[in-house]
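Just below is one structure, and these are the notes that go with it.
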2 protein chains.
Amino acid sequence: MSTLGDLKTFAITNTLRSCKLFTGLPQTDLANIAAVTVVKSLEKGDYLFHEGDAASGFYVIQRGAVNIHRVTATGKEQVIHVFRTGDSFAEVALAAPTGYPADARALENSQVLLVQKDGILALLKRQPELALRMLGSMSSHLRVLVGQIEDLTVKDVETRLANWLVKRCPNPQSDAPVKIELTTNKRVLAAELGTVSETFSRTLAKFRGLKLIAVKGKTLTVLSPAKLRALLKRNLGE
Amino acid sequence: MSTLGDLKTFAITNTLRSCKLFTGLPQTDLANIAAVTVVKSLEKGDYLFHEGDAASGFYVIQRGAVNIHRVTATGKEQVIHVFRTGDSFAEVALAAPTGYPADARALENSQVLLVQKDGILALLKRQPELALRMLGSMSSHLRVLVGQIEDLTVKDVETRLANWLVKRCPNPQSDAPVKIELTTNKRVLAAELGTVSETFSRTLAKFRGLKLIAVKGKTLTVLSPAKLRALLKRNLGE
DNA sequence: CGGGTTCCTTGACTTGAATCAAATAAATAC
DNA sequence: GTATTTATTTGATTCAAGTCAAGGAACCCG
């Protein structure tokens, strides 16, 4: 049982509340979840878990970024998704078979909450509302993966990059330049887009040549979101 | 309310029981689910739903096969998964946002059960055990998708086909030939493997040349599962 | 500042697989 | 059975993108 008012519990419930999975839950529920939760600190590059590891629970990111990926026999890394502050992931842990299906590594110094499997399962049995939320969360992961399968197989790198950039423009119809600060190095971003750094670099160069973007170090500037969006539509629509 | 002993309900509960999602549930639970379930018959080629359609529930296949896919702007179809008798799919319907994320089409004449969203949600609220099963089911779909992302991006067609064939050999270490009957035409199978019929055909031809398989109409014979497995390992391991 | 990483970019080359085109083969209808 | 459509195979061509190689740029650290 958690002691109400306990300082650590309080800090954890605050983080939990900021996670979409748990927003709006009554304080008592949050405290119950906090009671089965432990905080983990990760240095950049640390592995949180590996494919096949016994799944001890699922995670909520308090601060930082975690890269979920698979490593092939040839050592290549296929990025499945990058989760950031407030995201939850690895809900798959709650169901048998209990091994994680992929690797997870911190892309920067991060702090995550591990919501322990046994504890949360017991809670879920008592609180169907929570179970439905977990269903919702997993369903949104499924949607992302379905989208990604299409992305990776159907679109070329140029289209994927255009899409990625447009998604980051607050108002893609406008002509006002938008600055985008890269939070990772370009090799990691290339991997997120399902390609390698060379191809990524060439595609950036192409866009630069088309005066669609400007690149200065880790700052990308979309010169005209509207034009970029037009290119994207052209690529998709034909 | 369903009348217990009602013939239709009885038929439905029998199907439900054969679905992994529901096996072992007590008869009363099954009857409750049956009460919110409707049977749908599909002709080969019929669409069950399209991407973006309001999701009225999830499905259990009683007989036949359903192809889940996305259609791109260029009209190309990317197969996400093929579900068969006893499988459940589109559990994603239970969570908002309510549109289906892909298209579903019958690959052959089929009969499916639609477990209606509203009804099952009400049940889930009362029966957390059921909610946990749904979590399990979605989590296994997640695992499949994660595997597929790796498949599609990392492996070449030869490796994907070898993998597909080996999976269908009861004992892949053995040297005893295995017959595999195709349940669809080769274009559909090619799409499942993330390629087109021409490339699929060439890859079959290659395997035939290597005496790994024999092809006669819709019957593939793996001449030596062990040899095929060796090729697969070679492709993956280097 | 100078040497050592690590990261990024560019060029040259290679290749797996899609596309286009055309020739069978198989299935279905009339 | 013959016609017609649909599937499958094969050949030739093209292309996106990965790999290999080499030069810069940026960053770190003493």
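We use all heavy atoms of the structure for the numbers below, so side chains are in, but hydrogens, waters and symmetry mates are not. Within every chain, numbering begins at 1; the chains are lettered A, B, ... in the order of the sequence lines, protein sequences first and strands thereafter. Predicted, not measured: the structure shown is a model, and the values here were computed from it.
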- request: Assess whether side chain to side chain contact (heavy atoms under 4.5 Å, CB included) is satisfied between B:R84 and B:E108, documenting all intermediate values.
  value: CA-CA 10 Å; B:R84 299 182 185 281; B:E108 47 198 80; 4.3 Å; yes

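- For the pair A:Q78 and B:I149, the minimum side-chain heavy-atom distance is below 4.5 Å.
- Side-chain contact between B:S41 and B:Q111 is present, with at least one heavy-atom pair separated by less than 4.5 Å.
- A straight line from NZ of A:K186 to C1' of C:dT9 spans 9 Å, rounded to a whole angstrom.
- Taking the six-membered ring where the residue is Trp, A:F49 and A:F89 present tilted rings, their angle falling between 30° and 60°.
- Residues A:L223 and A:T221 have side chains in contact (heavy-atom distance under 4.5 Å, counting atoms from C-beta outward).
- Between B:R229 and B:K233 the shortest side-chain heavy-atom distance falls below 4.5 Å.
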Check nucleotides 15-19 of chain C against the protein and report each pair of N or O atoms closer than 3.5 Å, with its distance, or say if there are none.
| from | atom 1 | to | atom 2 | distance (Å) |
| --- | --- | --- | --- | --- |
| C:dA17 | OP1 | B:V157 | N | 2.8 |
| C:dA18 | OP2 | B:T195 | OG1 | 2.7 |
| C:dA18 | OP2 | B:T199 | OG1 | 2.8 |
| C:dT19 | O4 | B:R202 | NH2 | 2.9 |

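- Considering only heavy atoms from C-beta on, B:P101 stays 4.5 Å or farther from A:L142 through its side chain.
- With a 4.5 Å cut-off on side-chain heavy atoms, A:V60 and A:Q62 do not count as touching.
- Near DNA chain C, meaning a heavy atom under 4.0 Å away, there are no residues from residues 206-224 of chain B.
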Residues 198-220 of chain A, side-chain donor-acceptor partners within the protein, below 3.5 Å, at least two apart:
| from | atom 1 | to | atom 2 | distance (Å) |
| --- | --- | --- | --- | --- |
| A:T203 | OG1 | A:T199 | O | 2.7 |
| A:K206 | NZ | A:E158 | OE1 | 2.6 |
| A:T219 | OG1 | A:E181 | OE2 | 2.6 |

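- Sorted by first and then second residue, the pairs that involve residues 46-59 of chain B and meet side-chain hydrogen bond (donor to acceptor under 3.5 Å, both in side chains), not counting sequence neighbours, are B:Y47-B:H69, B:Y47-B:R105, B:E51-B:R70.
- Think of the region where chain A sits on DNA chain D: with heavy atoms and a 4.0 Å cut, that region ends 5' and 3' at D:dA16 to D:dC20.
- Side-chain atoms of A:R160 come within 3.5 Å of backbone N or O of A:G194 as a donor-acceptor pair.
- Comparing the end axes of the helix from C:dC8-D:dG23 to C:dC30-D:dG1, each fitted to five base pairs by superposing C1' atoms of four pairs onto the next four, gives an inter-axis angle of 40° (nearest 10 degrees).
- A distance-only check finds a donor-acceptor pair linking the side chain of B:H141 to the backbone of B:S88 [under 3.5 Å].
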